[in-house]
Amino acid sequence: MSDMVATIPGVAVLQGNGPRDSVISVRGSGARQSYGLKNLQVTEDGFPMTQPDGTARADLIDPHAYEGVDVFQGPASTLYGNYAINGAINFRTRNGADIHGLELGSDFGSFGLFNNYVTIGAGNKHYDFMLFGSDVRGNGFITNSQYNTSTENMRLRVNLTSSDRLILKFVNNVTDTSLPLRLSLNQFRSNPYQNGCANAASAAAGCASVNLLVNGAYGVRQTMTPQQAGLGRFDRRTIVGLRWEHDFDSRTTWHTQFTYDQRYVDQPTSTTAFVGPFNSYNVQTDLTNRGRIGKTPLTSFVGASFDYMDYGYQVYHLTPQGGATRGALNSTSYGHQWNIGIRFQEDWQFSPLWHAVIGLGGTQSDIGAIETLYNRSANSTTLQNITANRRFFNLTPEASLVYTPTKDWTLHTRVGTAYATPGYSSFFVTPQGIYGNNTQLKSETSLGFDLGAEWHPSPTINIQATGFYEFYRNELVSQSAGVNTPAGNYTFNAPASEHRGIELGATWQPLRASVPGARLKLSYTYDNQIYTKYTETLSNSTMARNFSRKGNLIPGVMPHFLDARVLYDQPDGWLQGLGGFAEVTWRSSFYLDNANILKAPSYALLNLEVHYDPPERLGWAHRLHSYFEVQNVTNQVYAAGATDISDTLLSTGQQAGRSVLANKTGSIYAGSPRAFFGGVRIKF
């Protein structure tokens with residue numbers, strides 16, 4: 001998946017919660033989160049993949065199924081609604097007519113990786129059908145990170161009449177993966193891949209562990225490794241969508257669609273197991289008119305949407321019996337969330353050189369939930385109920401202007417707004433990482449300005465650059481309280497913050513005449529995010545103190561990210577179809593805590609790839625595709641994902657320094673050591 005977005009400025013892929021949970025981060029959207037695709041609206045073929053609580057997962061993404069991906073960067077709630085605080089992503093599956101038959105493929109490589117997949121496609125002017133299925137499994141490169149994931153993806157378009165079309169969408173994913181624990185910085189430096197950590201009693205230095213209640217309810221705890229405890233994640237996701245498209249005439253089209261989305265999770269990820277179903281329903285309808293004002297084209301869009309999710313989850317204590325054996329209930333939560341919104345947009349090409357877009361969206365959101373806490377002791381069990389009944393209304397205007405003075409230059413500017421309401425789960429986790437009252441959370445909002453240009457000085461050079469400055473209010477930031485807390489991650493509002501940066505992309509064919517198959521691609525992002533108003537309260541057993549974080553960098557965000565590729569594809573001759581690339585990825589160090597005391601280290605990786613697509617003149621061999629790649633050629637040890645950690649107040653009233661914070665667990669996952677991968681695909 002990293003290869004799909006590696007050369008898009010402002011976009012990075014990080015390690016999420018375990019071996020099958022990648023995080024796509026747009027302008028830092030996922031950098032402050034421990035799992036999933038957060039602060040983004042994710043769609044596939046126009047159907048929502050983000051549930052009403054803002055949750056989308058990368059488990060169901062298999063790049064073999066896709067033709068391409070569209071990324072909308074910056075505040076985007078005008079069109080995409082709640083949670084599009086940093087943008088939106090739309091994955092496009094392949095057309096059946098382009099597949100035109102059957103494809104079988106396999107990927108294989110280091111750490112026991114096998115991915116077997118099949119694609120079936122057919123289509124004509126009356127219909128288009130695509131069916132994809134894959135099964136990927138591996139042992140992982142960290143102890144207790146073996147996995148098995150199966151995905152089915154189908155899209156069927158039927159032309160009922162010349163003006164009516166039905167599109168049926170189906171996605172199903174089952175993920176079964178063991179789960180290592182996130183490490184402290186010292187554990188990462190000592191034992192990044194958790195070697196020799198099978199048994200807590202004889203564990204090597206740097207091994208991560210959890211402390212489980214012996215009786216599964218209260219009292220004495222026993223130290224266990226992730227293997228002994230049976231930590232893991234079993235998730236199932238099923239999505240079914242149906243869209244009707246009707247053309248009133250050649251200029252006016254009406255879309256109406258319904259999507260049902262069920263996510264079931266069973267996640268014994270630390271000292272507790274999180275279990276429950278999440279059912280969501282989404283209805284959208286919109287009207288698009290491609291008209292004119294005089295001789296200038298005007299595209300008008302108006303749409304409405306409603307989505308609803310009901311959920312009920314239970315949190316159980318884990319016992320030391322192994323196999324993720326559940327003990328007594330820690331807590332339960334039941335509730336709902338819905339969002340109803342209306343939006344419109346006018347897209348006007350008012351002269352050959354000028355193009356303007358204005359839009360306005362509004363959404364009413366409602367969250368109603370109740371959490372029940374079970375406080376157990378040898379003598380009694382007491383219940384505590386915490387209720388969250390919150391409503392949010394957000395209005396989001398936007399405007400953009402594009403100026404094309406010559407065929408070589410395109411200038412653009414944009415002002416956009418966005419919002420994200422707190423998720424249901426964040427209402428019920430305290431700063432100590434335990435389940436409790438956090439219902440005061442507010443909706444975060446942003447106002448962003450973009451200014452950029454694209455330059456084509458010659459057919460061989462393309463350069464694009466965008467500067468952005470975004471103002472946040474009540475930004476939702478999460479941090480880890482450690483692996484031995486029931487909930488782990490706590491969310492808070494930072495009253496005011498700013499995100500500013502530069503996105504730079506370039507493509508160059510330096511020897512187009514003599515070596516036409518050679519290209520250089522560069523993607524660089526500078527992302528500077530700071531608190532401009534935030535006072536954090538730290539406490540210990542005897543006192544509490546306030547610390548201003550004004551001017552501090554927001555932790556978890558890499559200030560610099562660079563991807564550079566040298567690519568070559570032989571366009572003709574005996575070696576036609578042979579190609580490859582060498583890639584360097586560099587990511588700068590970044591802070592892990594609000595006080596800006598502890599940093600995750602920077603790193604640079606070298607990746608190599610070679611592939612062969614035989615030309616048509618070779619007959620049946622043209623049906624074969626093969627590739628081989630080496631990732632992390634120099635075998636660097638690096639942090640592929642890191643969750644923010646909380647600062648600590650010492651008994652002296654001072655903040656703890658690096659030596660204390662470096663031992664705080666629940667933060668870092670190591671990236672892959674040197675790895676070899678290959679694949680073949682045959683088309684019938």
Side-chain angles (χ1 to χ4, degrees), residues 2 12-23 25 28 30-36 38 140-145 177-197 203-210 225-227 231 233 269-270 433 477-485 488-490 553-559 561 585-605 632 635-648 656-673:
S2 299
V13 175
L14 310 172
Q15 177 62 57
N17 190 23
R20 289 295 296 169
D21 186 31
S22 296
V23 173
S25 183
R32 302 179 305 280
Q33 308 295 331
S34 61
Y35 72 95
K38 296 288 189 174
F141 53 87
I142 300 176
T143 299
N144 203 57
S145 62
T177 172
S178 298
L179 192 69
L181 291 167
R182 289 182 178 268
L183 308 178
S184 69
L185 183 59
N186 281 343
Q187 287 174 325
F188 165 73
R189 287 171 171 164
S190 172
N191 194 352
Y193 309 119
Q194 296 294 279
N195 296 320
C197 297
C207 289
S209 60
V210 288
T225 67
Q227 285 172 290
L231 302 188
R233 193 163 62 87
T269 57
S270 58
V477 184
S478 296
Q479 61 186 21
S480 171
V483 298
N484 282 303
T485 57
N489 289 316
Y490 159 72
L553 292 172
I554 298 176
V557 180
M558 298 174 187
F561 175 75
T585 295
W586 172 67
R587 302 185 185 188
S588 65
S589 61
F590 58 93
Y591 286 110
L592 294 173
D593 67 303
N594 285 328
N596 288 180
I597 295 173
L598 192 69
K599 274 188 172 184
S602 63
Y603 63 88
L605 303 179
N632 191 5
N635 204 29
Q636 297 291 307
V637 176
Y638 65 99
T643 302
D644 303 345
I645 59 175
S646 57
D647 287 290
T648 299
R658 288 176 49 85
S659 60
V660 173
L661 296 182
N663 286 313
K664 300 203 74 169
T665 60
S667 181
I668 295 176
Y669 274 135
S672 172

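Side-chain atoms are counted along with the backbone in the values below, which use heavy atoms only and exclude waters and symmetry mates. Just so it is clear, the model here is predicted, and its values are computed rather than measured.
Side chains of Tyr669 and Thr643 form no contact here, defined as non-hydrogen atoms less than 4.5 Å apart. Looking only at side-chain heavy atoms (C-beta outward), Leu181 and Thr665 stay at 4.5 Å or farther from each other. Taking the side chain as every heavy atom from C-beta outward, Phe590 and Pro555 never approach each other to under 4.5 Å. Inter-residue side-chain proximity for Val477 and Asp644 is flagged as met; some heavy-atom pair is nearer than 4.5 Å. At least one side-chain heavy atom of Pro673 sits under 4.5 Å from a side-chain heavy atom of Tyr193.
Considering CZ of Arg658 and CD1 of Ile597, their distance stands at 9.5 Å, rounded to 0.5 Å. Within the model, atoms CG of Leu179 and OG of Ser270 stand 9.0 Å from one another, a figure rounded to the nearest 0.5 Å. Taking OG from Ser145 and CG from Leu231, the interatomic distance works out to 12.5 Å, rounded to the nearest 0.5 Å. The structure places CD1 of Ile142 at 9.0 Å from OG of Ser672, a figure rounded to the nearest 0.5 Å.
For the pair Asn191 (side chain) and Ala205 (backbone), a donor-acceptor distance under 3.5 Å is present. Proximity of a side-chain donor or acceptor of Gln194 to a complementary backbone N or O of Gly206 within less than 3.5 Å is detected. At least one donor-acceptor pair under 3.5 Å links the side chain of Arg182 to the backbone N or O of Ser667.
Every side chain to side chain donor-acceptor pair (under 3.5 Å) that Tyr603 has, sequence neighbours left out, goes to Arg587. Residues passing the side-chain contact (heavy atoms from CB on, under 4.5 Å) test with Asn663 are Asn186, sequence neighbours excluded. Residues passing the salt bridge (Lys or Arg N to Asp or Glu O under 4.0 Å) test with Asp593: none are found, sequence neighbours excluded.
A side-chain contact (heavy atoms from CB on, under 4.5 Å) with Lys664 is found for exactly one of Ile645, Asp647, Leu185, namely Ile645.
Of all heavy-atom pairs spanning Phe188 and Ile668, the tightest one is CD1-CG2, 3.7 Å. Shortest non-hydrogen contact noted between Gln187 and Cys207 is NE2-O, 3.4 Å. Contact detail for Ala208 and Pro226: the closest heavy-atom pair is O-CD, 3.5 Å. In terms of heavy-atom proximity, Ser25 sits nearest to Leu14 at CB-CD1, 4.2 Å. Residues Pro192 and Ala670 come closest through the heavy atom pair O-CB, 3.5 Å. Annotation for Ala640 and Gly671: closest pair CB-CA, 3.5 Å, computed over non-hydrogen atoms.
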Pair Thr585-Phe561, side-chain contact (heavy atoms from CB on, under 4.5 Å): steps then yes or no: CA-CA 8 Å; Thr585 295; Phe561 175 75; 3.9 Å; yes
